[in-house]
A.B. asks: 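Let me give you the structure first, and then I'll get to my questions.
What you are looking at is a predicted structure, and each value in this text was computed from that prediction instead of being measured.
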Amino acid sequence: MQKPPTELHDWFAQRTFSADAFRVDELAERKRASGLSVSVVLPARNEGPTIAGVVEAVRAAGDRLVDEVVVVDGGSSDGTAGVAAAAGARVHQDATILPHLGPALGKGDALWRSLTVTSGELVVFIDSDIRNPHPRFVWGLLGPLLLDDDVQLVKAFYERPVQMDSVLYPSGGGRVTELTARPLLNAFWPQLAGLVQPLSGEYAARRTLLESIPFFTGYGVEFGLLVDTLASAGTAAIVQVDLSQRIHRNQTVDALSRMAFGIVQVALQRLAAEGRICLPELPDSYVQFERQHGKVTLHARPIRVHERPPIASLER
């Protein structure tokens, strides 16, 4: 087996941590001494069965670490907003944040807009479909930011079980990571190949970074943030933390395929912006197939990612 490049091996050895290595009391004291505040943002759409548990786990990290918990709801129809509020979160509808821009365009847009309704110098993003939430998701991500002023972005990684029918297998999640994101990073941004879960929805960053770089709408947001952080601050500013295990709602292969197409769009746009390819007009629809009653039909679904400018560039 060929060894990874020395630079990548060194980065992995020096910038990979376990959440269990951080002591909550020490982090709380560092936070108090630094005067930094923390916002935790939970994007959600129809996550009624899990949102309360996620909010409660975040709040269990303690007031010494978390100053505000904000749920950005994408127009849920299952009562997610009410459940989140009852659990102690402040809830915003994504479409009512920067409403002059029109309806929010998916997860990435919701995260981008959340920067205008939160105030923490450190911002933690956590997905809302987690079935085994734990306060370590907060302190694990905050640890490197509070202990090292040079860290700008902290990505989570974990074991990802996958549920098929009624069986929960111990591994097998992260299919878009393995089949789309990781090949793209290895081919075009090999400096980022040491990230175990580049598409993880759990990450934390300094507000100064988040407000200075663009956000892509949809599910390409994490890929875009990684590539743009690399360009803005370099690999030394990025670390990753093992949060042990994350169990969540697994999506169908058809849904994952659409997610992968959005990530490919982000990668192509960034390669074009870096002058590495000449990019023709990207298609704004994605063709998939469905078999019913022995007949195959073709469907084209609209999928187009948009690039939101850095929040710091907006007139507010």
Side-chain angles (χ1 to χ4, degrees), residues 4-31 33-34 36-41 58 61 65-66 111 115 120-127 130 134-160 174 177-178 181-182 184-186 188-213 215 221-246 270:
T6 300
E7 298 83 358
L8 185 61
H9 187 277
D10 290 346
W11 177 88
F12 184 86
Q14 297 167 11
R15 311 304 272 176
T16 302
F17 302 92
S18 168
D20 294 335
F22 302 116
R23 293 175 50 242
V24 175
D25 288 344
E26 180 185 1
L27 297 182
E29 176 56 29
R30 287 292 188 105
K31 177 178 177 290
S34 68
L36 295 171
S37 57
V38 172
S39 300
V40 179
V41 175
V58 170
L65 284 183
V66 178
L111 297 182
L115 297 176
E121 288 93 356
L122 305 180
V123 182
V124 182
F125 295 122
I126 297 177
D127 282 345
I130 302 173
H134 192 280
R136 80 166 65 88
F137 280 45
V138 177
W139 77 61
L141 292 170
L142 286 175
L145 290 167
L146 290 169
L147 298 176
D148 186 344
D149 292 340
D150 292 330
V151 173
Q152 296 289 314
L153 174 66
V154 182
K155 290 288 292 185
F157 70 95
Y158 23 60
E159 188 64 58
R160 294 188 65 176
T177 289
E178 296 303 328
R182 195 176 308 289
L184 285 168
L185 293 177
N186 272 269
F188 299 110
W189 295 278
Q191 309 97 309
L192 299 172
L195 285 156
V196 181
Q197 296 283 348
L199 300 184
S200 63
E202 288 68 50
Y203 48 102
R206 299 190 190 277
R207 178 174 293 272
T208 49
L209 172 73
L210 295 173
E211 292 194 347
S212 69
I213 58 179
F215 275 55
V221 58
E222 281 85 20
F223 194 95
L225 288 176
L226 267 180
V227 171
D228 288 339
T229 299
L230 174 66
S232 172
T235 55
I238 304 171
V239 306
Q240 58 184 349
V241 174
D242 187 352
L243 300 184
S244 183
Q245 185 187 67
R246 179 188 191 273
R270 275 294 165 266

A.B. asks: Sequence neighbours excluded, which residues qualify as side-chain hydrogen bond (donor to acceptor under 3.5 Å, both in side chains) partners of Gln240?
C.D. replies: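 For Gln240 the side-chain hydrogen bond (donor to acceptor under 3.5 Å, both in side chains) partners, ignoring immediate neighbours, are Thr16.
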A.B. asks: Write down the atom of Gly194, the atom of Leu8, and the distance for their closest heavy-atom approach.
C.D. replies: N-CD1, 3.4 Å
A.B. asks: Could you check if a side-chain atom of Leu209 sits within less than 4.5 angstrom of a side-chain atom of Ser232, using non-hydrogen atoms only?
C.D. replies: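 Leu209 vs Ser232: side chains touch.
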A.B. asks: So does Val196 get a backbone contact from the side chain of Arg182, meaning a donor-acceptor N/O pair under 3.5 Å?
C.D. replies: yes
A.B. asks: Going from CG on Leu65 to CG on Asp25, what distance comes out if it is rounded to the nearest 0.5 angstrom?
C.D. replies: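 Reported value, rounded in 0.5 Å steps: 9.0 Å.
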A.B. asks: Using the six-membered ring wherever Trp is involved, compare the ring planes of Phe17 and Phe22 and label them parallel, tilted or perpendicular (cut-offs 30° and 60°).
C.D. replies: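 The arrangement is tilted - the two ring planes meet at 30° to 60°.
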A.B. asks: Side-chain contact, heavy-atom cut-off 4.5 Å: Leu146 with Leu122?
C.D. replies: yes
A.B. asks: State the CD-CD distance between Glu159 and Gln197, to the nearest 0.5 angstrom.
C.D. replies: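 One finds 8.5 Å between CD of Glu159 and CD of Gln197.
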A.B. asks: Can you check whether Phe215 reaches Leu210 side chain to side chain, under 4.5 Å on heavy atoms?
C.D. replies: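 Yes, their side chains come closer than 4.5 Å.
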A.B. asks: Return the minimal non-hydrogen interatomic distance between Pro144 and Gly140, and the atom names on each side.
C.D. replies: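 Heavy atoms of Pro144 and Gly140 come nearest at CD-O, 3.4 Å.
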A.B. asks: Less than 4.5 Å apart, any side-chain heavy atom of Leu192 and any of Trp11?
C.D. replies: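 No. Closest side-chain heavy atoms not under 4.5 Å.
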A.B. asks: Backbone N or O of Asp228 within a donor-acceptor pair of the Arg270 side chain at under 3.5 Å?
C.D. replies: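 Checked: no pair found.
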A.B. asks: Please confirm whether the backbone N or O of Lys155 pairs with a side-chain atom of Ser200, one donor and one acceptor, at under 3.5 Å?
C.D. replies: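 Between the backbone of Lys155 and the side chain of Ser200 there is no qualifying donor-acceptor contact (under 3.5 Å).
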A.B. asks: Between Leu226 and Leu153, is any pair of side-chain heavy atoms under 4.5 Å apart?
C.D. replies: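 With C-beta onward as the side chain, the pair touches.
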A.B. asks: Any idea which heavy atoms bring Leu27 and Trp139 closest together, and the distance?
C.D. replies: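 Nearest pair, atom of Leu27 first, then Trp139: CD1-O, 3.6 Å.
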A.B. asks: Which atom names give the shortest non-hydrogen contact between Ser244 and Asp242, and what distance separates them?
C.D. replies: N-OD1, 2.8 Å
A.B. asks: Do Val58 and Phe137 touch side chain to side chain, with heavy atoms closer than 4.5 Å?
C.D. replies: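 Not touching, per the 4.5 Å side-chain cut-off.
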A.B. asks: Measuring from Leu243:CG to Asp20:CG, what's the distance to the nearest 0.5 Å?
C.D. replies: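 Atom-to-atom, Leu243:CG and Asp20:CG are 9.5 Å apart.
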A.B. asks: Strictly distance-based, threshold 3.5 Å: is any side-chain N or O of Arg206 a donor or acceptor partner for the main-chain N or O of Val151?
C.D. replies: yes
A.B. asks: Heavy atoms only: give me the nearest Ala204-Val124 pair and the separation to one decimal.
C.D. replies: CB-CG2, 3.9 Å
A.B. asks: Of all the heavy-atom pairs spanning Val241 and Ser18, show the shortest one and how long it is.
C.D. replies: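 Heavy atoms only, the tightest pair is CG1-C, 4.0 Å.
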A.B. asks: Flag the pair Glu202 / Tyr158 as yes when at least one side-chain heavy-atom distance between them is below 4.5 Å, and no otherwise.
C.D. replies: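 With C-beta onward as the side chain, the pair touches.
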A.B. asks: Under a 4.5 Å cut-off applied to non-hydrogen side-chain atoms, are Glu222 and Leu111 in contact?
C.D. replies: yes
A.B. asks: Can you tell me how far apart CZ (Phe223) and CG (Leu199) are? Round to the nearest 0.5 Å.
C.D. replies: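 Answer rounded to 0.5 Å: 7.5 Å.
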A.B. asks: Looking at Trp189 and Val227, would you say the former's side chain and the latter's main chain have a donor-acceptor pair under 3.5 Å?
C.D. replies: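 Answer holds: no.
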A.B. asks: Is the side chain of Arg207 donor-acceptor paired with the backbone N or O of Gly120 at a distance under 3.5 Å, no angle test?
C.D. replies: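 Indeed, once roles are kept as given, a pair shorter than 3.5 Å links the two residues.
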A.B. asks: Whether the side chain of Arg15 engages the backbone of Ala236 through a donor-acceptor N/O pair (distance < 3.5 Å, no angle test) should be reported.
C.D. replies: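 Indeed, once roles are kept as given, a pair shorter than 3.5 Å links the two residues.
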A.B. asks: Find the distance between CZ (Arg30) and CG (Leu145) and round it off to the nearest 0.5 Å.
C.D. replies: 12.5 Å
